[in-house]
Amino acid sequence: MGLIDDIQKLSLYTAYNTNVDAITFLKGEIVQGLIDEFGADAVRKRIEDYPREINEPLDFVARLVHALKTGKPMAVPLVNEELHEWFDSHFRYDVERMGGQAGIIANLLANLNLNRVVVYTPHLAKKQAEMFVDRPNLLYPVVEDGRLAFKHPRRAYREGDPVKVNRIFEFRAGTTFRLGNERIEVPFSGRFIVSSRFESIRIYTDPELKPFLPEIGLQVDGAILSGYQGIKLRYSDGKDANHYLREAKRDILLLKREKDVKVHLEFASIQNRELRKKVIYNLFPLVDSVGMDEAEIAHVLNALGYSKLADRIFTYNHIQDTILGGKILVDEMNLEVLQIHTIYYIAYITHSDNPLSEAELRSSLELATTLAASRASLGEINSPEDIKAGMKVPYNEHGEFVKLRFEEAKRKLRTREYKVVIIPTRLVKNPVSTVGLGDTISAGAFTSYLAMLRKKNAL
Ligand code: AMP
């Protein structure tokens with residue numbers, strides 16, 4: 001694949017979030033056991049309450065059952081540290097691996113043989129550091145004798161740093177269980193993430209490293225930033241989300257100071273509306289590119305005040321509404337490019353003066369879905385060769401319908417001031433794992449976008 005050769009010439013920076021994913025493959029009996037433990041009525045009632053955070057076990061069971069019923073991937077923060085014992089007594093972990101968008105993307109890009117991947121994460125305990133792949137092109141920035149230096153993350157860990165463990169429950173389409181007299185069959189394979197949100201884990205650049213961000217910016221062709229969903233509104237030491245977002249803004253401006261390095265922000269679900277709004281308003285205007293999934297675009301539109309359109313996307317999931325929402329976002333935040341991935345299609349929306357042609361944008365999305373299909377088939381991408389696995393995966397069976405609906409949407413919406421391209425996804429029937437597929441799509445899309453810009457001398 002020619003595009004991969006071009007991607008390999010790039011150097012990328014990625015920050016901030018890494019964690020250890022403790023993965024459990026859920027069986028129907030386990031879910032049934034949980035429902036029986038708490039009683040179907042109590043679970044049903046708590047689903048109606050729809051807790052936004054996990055404070056006690058029933059919050060978890062309710063949100064899990066809800067996710068299983070809809071088959072939609074979801075992440076809910078765990079705020080009560082004491083629940084770890086409850087989880088440990090109820091679940092066995094089948095696998096532990098690299099989690100967090102920055103960690104997943106760093107390993108992926110290093111394995112694809114990019115020239116250089118610089119990864120920064122504020123907490124790097126030994127256990128976390130060991131989750132990074134052992135590749136010479138993967139580097140962690142450190143300050144030594146007042147100068148910027150790079151080390152492999154496995155050699156840069158700090159004793160005593162906290163480790164963030166996220167619990168991931170992978171579910172399979174077709175799994176069945178009963179909620180009282182209701183029989184539930186899981187419609188899609190996916191994952192439910194219980195993400196730890198504790199005081200000790202923060203999203204920031206160490207003050208010692210911060211002055212070197214312009215130098216890092218000079219050395220890379222692009223940056224992928226993520227993890228803002230991990231910011232808490234308030235901390236016990238008096239710091240708050242405003243503080244961390246102000247610093248996050250400074251980081252982006254510093255990266256861009258010496259060279260206008262392209263920055264992609266990977267947006268993940270933020271349950272708290274206030275924080276979601278702050279992330280959007282503070283950061284979107286500073287970045288060039290944003291990636292998100294369909295649930296997130298609805299949340300974002302809601303935060304921007306387009307609640308009717310957001311509700312329509314939530315309820316009907318029509319391509320036309322998603323594209324309309326995307327146009328609004330590209331315009332209001334003046335993004336260079338917006339990438340939306342859904343289960344059946346991936347789309348780019350840009351202004352019409354984007355240097356890439358629609359065909360080029362399409363080939364970037366092709367690479368993205370092929371990478372995701374490779375990861376879904378193999379569980380991991382260990383080398384550029386692994387992309388072949390994704391090429392064997394056919395486009396999903398709704399592909400033709402997607403194209404038709406898209407053509408229809410284009411006729412109905414004014415799209416002349418934009419470039420809108422869409423492709424159906426290559427969908428793996430029985431994925432080994434669904435964790436990190438969205439991140440894989442976004443990393444594949446953004447790097448191939450950069451690679452093509454570079455070829456046109458537009459980078
Ligand atoms: P996210 O919700 O951000 O993790 O993104 C998940 C994305 O991964 C979806 O939007 C799909 O495009 C893709 N995806 C999900 N399941 C599969 C699968 N079984 N095979 C290939 N791609 C998938």
Side-chain angles (χ1 to χ4, degrees), residues 17 19 21 23 25 67 70-76 98-105 108 166 168-175 186-193 195 224 226-229 264-271 289-300 313-314 317 319 322 326 338-348 364-381 386-387 389-399 402 421-446:
N17 57 331
N19 63 266
D21 277 349
I23 302 176
F25 294 99
T70 57
K72 290 203 174 154
M74 290 189 192
V76 184
M98 173 66 85
Q101 293 147 307
I104 290 171
I105 289 170
L108 168 73
N166 280 356
I168 309 223
F169 299 88
E170 288 266 5
F171 49 83
R172 292 270 158 276
T175 302
V186 178
F188 302 103
S189 298
R191 77 279 181 286
F192 182 76
I193 303 180
S195 53
I224 303 181
S226 56
Y228 305 106
Q229 69 276 15
H264 172 90
L265 185 153
E266 186 58 19
F267 191 77
S269 80
I270 299 179
Q271 299 278 334
S289 163
V290 171
M292 61 180 70
D293 73 17
E294 82 234 81
E296 287 147 9
I297 179 103
H299 278 129
V300 168
I313 295 177
F314 269 129
N317 252 320
I319 291 179
T322 307
L338 171 68
Q339 176 259 111
I340 302 170
H341 45 270
T342 77
I343 189 89
Y344 296 123
Y345 65 89
I346 315 179
Y348 266 140
S364 167
L365 296 179
E366 288 289 351
L367 180 97
T369 191
T370 307
L371 276 180
S374 308
R375 182 170 165 116
S377 318
L378 304 172
E380 229 162 331
I381 293 175
D386 286 349
I387 300 175
M391 290 201 254
K392 289 193 201 121
V393 178
Y395 293 102
N396 72 74
E397 70 256 32
H398 302 289
V402 162
V421 298
I422 197 165
I423 60 147
T425 51
R426 295 179 186 267
L427 211 57
V428 177
K429 284 256 153 55
N430 288 305
V432 174
S433 158
T434 61
V435 179
L437 293 180
D439 307 334
T440 302
I441 289 175
S442 293
F446 183 60

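Remember, it's 1-based here, ligands and their atoms both numbered in the order they're listed.
By the 4.0 Å heavy-atom criterion, Glu296 is excluded from the residues contacting ligand 1. Under a 4.0 Å heavy-atom criterion, Thr434 is not in contact with ligand 1.
Considering both main-chain and side-chain atoms, Ala372 never comes within under 3.5 Å of ligand 1 through any nitrogen or oxygen pair. An N or O contact shorter than 3.5 Å is missing between Thr425 and ligand 1 by distance.
Considering only non-hydrogen protein atoms, atom 12 (O) of ligand 1 sits nearest to Thr342 O, 2.8 Å. Here the protein heavy atom with the shortest distance to atom 19 (N) of ligand 1 is Val428 O, 2.9 Å. Closest protein heavy atom to atom 2 (O) of ligand 1: Asp293 OD2, 2.9 Å. Scanning all protein heavy atoms for the shortest distance to atom 14 (N) of ligand 1 gives Leu437 CD1, 3.7 Å. For atom 3 (O) of ligand 1, the closest non-hydrogen atom on the protein side is His341 NE2, 3.0 Å. Atom 6 (C) of ligand 1 has Gly438 N, 3.8 Å as its closest protein atom, hydrogens excluded (heavy atom only). Taking atom 21 (C) of ligand 1 as the reference point, the nearest protein heavy-atom neighbour is Arg426 O, 3.2 Å.
The contact set between ligand 1 and Leu427, taken as ligand atoms under 4.0 Å from a residue heavy atom, comprises 17 (C), 18 (C), 20 (N), 21 (C), 22 (N), 23 (C). Using a 4.0 Å cut-off to heavy atoms of Pro431, the atoms of ligand 1 that qualify are 19 (N). Set against the non-hydrogen atoms of Ile441, the atoms of ligand 1 under 4.0 Å away are 7 (C), 8 (O), 12 (O), 13 (C).
The proximity of Arg191 to ligand 1, defined as any non-hydrogen pair under 4.0 Å, is limited to the side chain. The proximity of Glu294 to ligand 1, defined as any non-hydrogen pair under 4.0 Å, does not occur for either the backbone or the side chain.
Checked against side-chain contact (heavy atoms from CB on, under 4.5 Å), Ser289 has the following partners two or more places apart in sequence or in another chain: His264, Val337, Phe446.
When atom types are taken as modelled, the side chain of Ser189 and the backbone of Ala173 share a donor-acceptor pair closer than 3.5 angstrom. The closest donor-acceptor contact from the side chain of Glu296 to the backbone of Ser269 lies under 3.5 Å. Within the 3.5 Å criterion, the main-chain N or O of Leu427 finds no donor-acceptor partner in the side chain of Asn396. For the pair Asp293 (side chain) and Thr342 (backbone), a donor-acceptor distance under 3.5 Å is absent. Checking side-chain atoms of Arg426 against main-chain N and O of Met391 turns up a donor-acceptor pair under 3.5 Å. In this structure a side-chain-to-backbone donor-acceptor pair under 3.5 Å is missing from Gln101 to Ile224.
Considering CG of Leu108 and CG of Leu371, their distance stands at 6.0 Å, rounded to 0.5 Å. To the nearest 0.5 Å, atom CD of residue Gln229 and atom CD of residue Glu266 are 9.5 Å apart.
Using cut-offs of 30° and 60° for the angle between ring planes, the Tyr344 and Phe188 rings count as perpendicular.
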